Amino acid sequence: MHLHEYQAKQLFSQYGIPVPEARMVESGQEAAAAAKSLGGERWVVKAQVHAGGRGKAGGVQLVDSVNAVEKAANGLLGSRLMTKQTGSPGLPIHRLLIESTVAIERELYLSMLVDRSRERVMVMASASGGMDIEAVAERDPDAILTEAIHPSVGLQAYQCRNLAFGLGLGGDQIKAFTRLLTGLYQLFDQKDASLIEINPLVVTDVGELLALDGKLDIDDNALYRHADISELRDPSQEDDKERSASEHGLNYITLDGDIACMVNGAGLAMATMDLIKLHGGEPANFLDVGGGATADRVAEAFKLILSDTKVRAILVNIFGGIVRCDLIAEGIIQAVQEVGVGLPVVVRLEGTNVDKGKALLAESGLSIITAQGLTDAADKVVLAAREAGA
């Protein structure tokens with residue numbers, strides 16, 4: 001689950017991580033009042049959307065009068081921001097962060113994430129802050145500093161010092177950085193985060209450290225332990241189909257192709273998409289209906305698929321292990337009849353009672369194309385999509 005910048009910074013403050021003074025607003029009038037409350041002569045108006053690259057897309061504006069704050073706010077609120085991460089049509093802007101400006105001497109990069117291969121929480125840092133960290137890593141891998149945190153001992157002081165020295169910090173800045181990083185790790189651990197990123201972490205003209213930006217992702221699987229954080233979810237920033245899928249216990253991700261996939265099991269779903277690509281097609285989605293592929297769940301999956309106007313053909317690839325193939329076939333038939341699927345549907349079944357399942361599909365009277373194996377299924381659905389497109 002993604003959090004907005006203002007939400008991340010509220011949590012930062014609770015854990016002793018210094019952030020600039022700011023106010024979250026939802027109207028131009030509130031924005032002007034926030035600027036007056038913060039004081040000063042210049043402010044930053046930041047669109048609150050779940051995407052990076054806001055500045056390059058016009059979602060972060062530096063203004064030098066209260067009237068300009070209100071004008072910028074009115075221009076952003078109610079619009080959609082399209083960045084390289086959102087694609088078209090972008091994400092809606094319902095909230096802004098009005099922030100005081102700070103005098104910046106240096107910009108650093110700092111993040112914390114889970115390294116699954118090493119089974120550790122990793123700290124990443126770089127003296128090249130304010131830039132895309134991917135570009136820095138590609139251009140100069142040695143510019144990326146890392147420390148792996150052992151789960152039984154946690155973050156150690158010497159690791160903080162190693163990173164501080166690598167970032168060129170000295171004196172009291174090392175102590176401040178150690179406090180900041182310690183707070184960051186406590187936040188990561190106690191709130192079950194999957195990613196925290198501060199880019200940039202700035203050194204001000206008086207040598208203080210400030211988290212100028214903040215990105216915080218929480219592990220969805222741990223939200224049952226954090227009712228307070230669950231309430232911070234912003235449905236307006238989520239894909240409508242993905243949100244609907246989640247409500248019905250389905251795992252769904254929208255893609256750009258025209259061949260919809262309905263599969264039980266994440267690994268099989270990934271393999272199915274790969275096979276479609278291998279045979280010259282383009283998958284329209286990742287859709288895992290789970291091990292217990294009931295008729296109701298399959299029906300909801302078909303509804304999701306049909307809501308995507310790009311889809312020209314559907315591949316149903318089910319392994320009947322927990323649920324027998326004949327029951328799955330009955331569910332598919334019921335769902336196709338209920339939803340009124342008018343697109344070509346290719347079905348590949350394997351597992352318990354597979355022959356009985358295929359017989360049910362053949363005798364259904366529906367225009368369902370059965371496949372013998374994955375390769376045959378991929379060939380048939382790619383051909384069906386091409387014919388539908390033609």
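Every value quoted in this text rests on a predicted model; they were computed, and no experiment measured them.
Of the possible donor and acceptor atoms, one in the side chain of Thr178 sits under 3.5 Å from a partner among the backbone N and O of Ile174. Gln190 contributes no side-chain N or O that, together with a main-chain N or O of Leu187, makes up a donor-acceptor pair within less than 3.5 Å. Of the possible polar contacts, none joining the Glu107 side chain to the Val202 backbone as a donor-acceptor pair under 3.5 Å is found. The closest donor-acceptor contact from the side chain of Asn353 to the backbone of Lys356 lies at 3.5 Å or more, if one exists at all. Side-chain N or O atoms of Asn264 include one that pairs as donor or acceptor with a backbone N or O of Phe319 at under 3.5 Å. Here the side chain of Gln48 pairs a donor or acceptor atom with the backbone of Tyr6 at under 3.5 angstrom. Without hydrogens or angle criteria, Trp43 side chain to Ala35 main chain gives a donor-acceptor distance under 3.5 Å. Panel note: side chain Arg80, backbone Gly90; a donor-acceptor pair is recorded below 3.5 Å. Checked by atom type and distance alone, the side chain of Lys56 never pairs as donor or acceptor with a backbone atom of Lys84 at under 3.5 Å. Counting only distance, with no hydrogens or angles, the side chain of Arg106 and the backbone of Leu167 share a donor-acceptor pair below 3.5 Å.
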Practice item. Check the pair Val263, Ile318 against side chain to side chain contact (heavy atoms under 4.5 Å, CB included), reporting the backbone distance first and the verdict last. Key: CA-CA 5 Å; Val263 190; Ile318 302 289; 5.7 Å; no
Exercise for review: Could you walk me through whether Val121 and Asp115 pass side chain to side chain contact (heavy atoms under 4.5 Å, CB included), step by step?
Suggested key: CA-CA 6 Å; Val121 173; Asp115 185 333; over 6 Å; no
Review point. Between Ser194 and Asp219, is a side-chain hydrogen bond (donor to acceptor under 3.5 Å, both in side chains) present by the stated rule, with each step listed?
Key: CA-CA 5 Å; Ser194 57; Asp219 186 345; over 6 Å; no
Point to revise | Pair Leu216-Leu11, side chain to side chain contact (heavy atoms under 4.5 Å, CB included): steps then yes or no | key: CA-CA 9 Å; Leu216 178 56; Leu11 286 169; 3.5 Å; yes
Review point. Taking it one step at a time, do Gln372 and Lys358 satisfy side chain to side chain contact (heavy atoms under 4.5 Å, CB included)?
Key: CA-CA 10 Å; Gln372 304 296 325; Lys358 290 179 179 178; 2.9 Å; yes
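For the side chain to side chain donor-acceptor pair (under 3.5 Å) with Glu5, the qualifying choice from Gln10, Arg95, Lys46 is Lys46, the only one to do so. Screening Thr101, Val102, Leu97 for a side chain to side chain contact (heavy atoms under 4.5 Å, CB included) involving Glu99 leaves a single residue, Leu97. When each of Leu181, Ile196, Leu184, Thr182 is paired with Ile17, the side chain to side chain contact (heavy atoms under 4.5 Å, CB included) condition holds for Leu184 and for no other.
How far CG of Leu81 is from CG of Leu91: 7.5 Å, rounded to the nearest 0.5 Å. The structure places OG of Ser126 at 8.0 Å from CG of Asp140, a figure rounded to the nearest 0.5 Å. The SG atom of Cys261 sits 9.5 Å away from the CZ atom of Phe286 when rounded to the nearest 0.5 Å. Atom-to-atom distance recorded for Glu282:CD and Met273:CE is 11.5 Å, nearest 0.5 angstrom. To the nearest 0.5 Å, the span separating CG on Leu77 from CG on Leu96 amounts to 4.0 Å. If you take OG1 on Thr370 and CG on Leu360, they are separated by 12.0 Å, rounding to the nearest 0.5 Å.
Across every non-hydrogen atom of Gly207 and Gln173, the tightest pair is O-NE2, 3.2 Å. When every heavy atom of Arg23 is checked against every heavy atom of Ser37, the shortest pair comes out as NH2-OG, 3.2 Å. In this structure, Leu349 and Ala329 approach most closely via the heavy-atom pair CD1-CB, 4.3 Å. Ser230 and Leu223 get closest at one heavy-atom pair: OG-O, 3.4 Å. For the pair Ala72 and Val63, the tightest heavy-atom approach, listed with the atom from each and the gap, is CB-CG1, 4.3 Å. The heavy-atom pair separating Ile149 from Leu155 by the smallest distance is CG2-N, 3.4 Å.
Counting heavy atoms of neighbouring residues, nucleotides and ligands inside a 6.0 Å radius, atom CE of Met124 exceeds 12 of them. Within 6.0 Å of atom CZ in Arg42, 12 or fewer heavy atoms from other residues, nucleotides or ligands are found, so the atom counts as exposed in its surroundings. Surrounding NZ of Lys310 are more than 12 heavy atoms belonging to other residues, nucleotides or ligands, all under 6.0 Å away. More than 12 non-hydrogen atoms from other residues, nucleotides or ligands lie less than 6.0 angstrom from CD of Gln156.
Placement of Leu212 and Val19 in two distinct hydrophobic clusters is found when ILVMFWY residues are connected by side-chain heavy-atom separations under 4.5 Å, directly or transitively. Cluster annotation: Leu306 is connected to Ile333 through the hydrophobic network of ILVMFWY side chains, with a link wherever side-chain heavy atoms come within less than 4.5 Å. In this structure, Phe188 is not a member of the same hydrophobic cluster as Leu195, with clusters built from ILVMFWY side-chain heavy atoms closer than 4.5 Å. Tracing side-chain contacts under 4.5 Å through hydrophobic residues (I, L, V, M, F, W, Y), one never reaches Leu275 starting from Met270; they form parts of separate clusters.
Note on Asp228 versus Lys191: salt bridge recorded, some NZ/NE/NH1/NH2 to OD/OE distance being below 4.0 Å.
Evaluation of the side chain to side chain donor-acceptor pair (under 3.5 Å) rule for His50 yields no partner, not counting sequence neighbours. Thr204 pairs by the side chain to side chain donor-acceptor pair (under 3.5 Å) definition with nothing, not counting sequence neighbours.
Residue pairs meeting the side chain to side chain donor-acceptor pair (under 3.5 Å) criterion with at least one member in residues 64-77: none, sequence neighbours excluded. Pairs engaging residues 206-216 under the side chain to side chain donor-acceptor pair (under 3.5 Å) rule: Arg54-Asp213 [sequence neighbours left out]. Among residue pairs with one or both ends in residues 78-133, none qualify as ring-ring contact (aromatic ring centres under 6.0 Å, His included); sequence neighbours excluded. Note on residues 374-388: pairs passing side chain to side chain donor-acceptor pair (under 3.5 Å), not counting sequence neighbours, are His279-Asp379, Asp376-Lys380.
Counting only heavy atoms from C-beta outward, the side chains of Ile259 and Ile276 approach each other to under 4.5 Å. Within the 4.5 Å cutoff, no side-chain heavy atoms of Ile98 are placed close to those of Met24. Side-chain contact between Ile314 and Val341 is present, with at least one heavy-atom pair separated by less than 4.5 Å. Counting heavy atoms from C-beta on, the side chains of Met262 and Asn317 never come closer than 4.5 Å. At least one side-chain heavy atom of Leu145 sits less than 4.5 Å from a side-chain heavy atom of Leu163. Inter-residue side-chain proximity for Ser111 and Ile133 is flagged as unmet; no heavy-atom pair is nearer than 4.5 Å. The shortest side-chain heavy-atom distance between Phe12 and Ile198 falls under the 4.5 Å cut-off. Annotation: side chain of Ile93 is in contact with side chain of Ser79 (closest heavy-atom distance under 4.5 Å).
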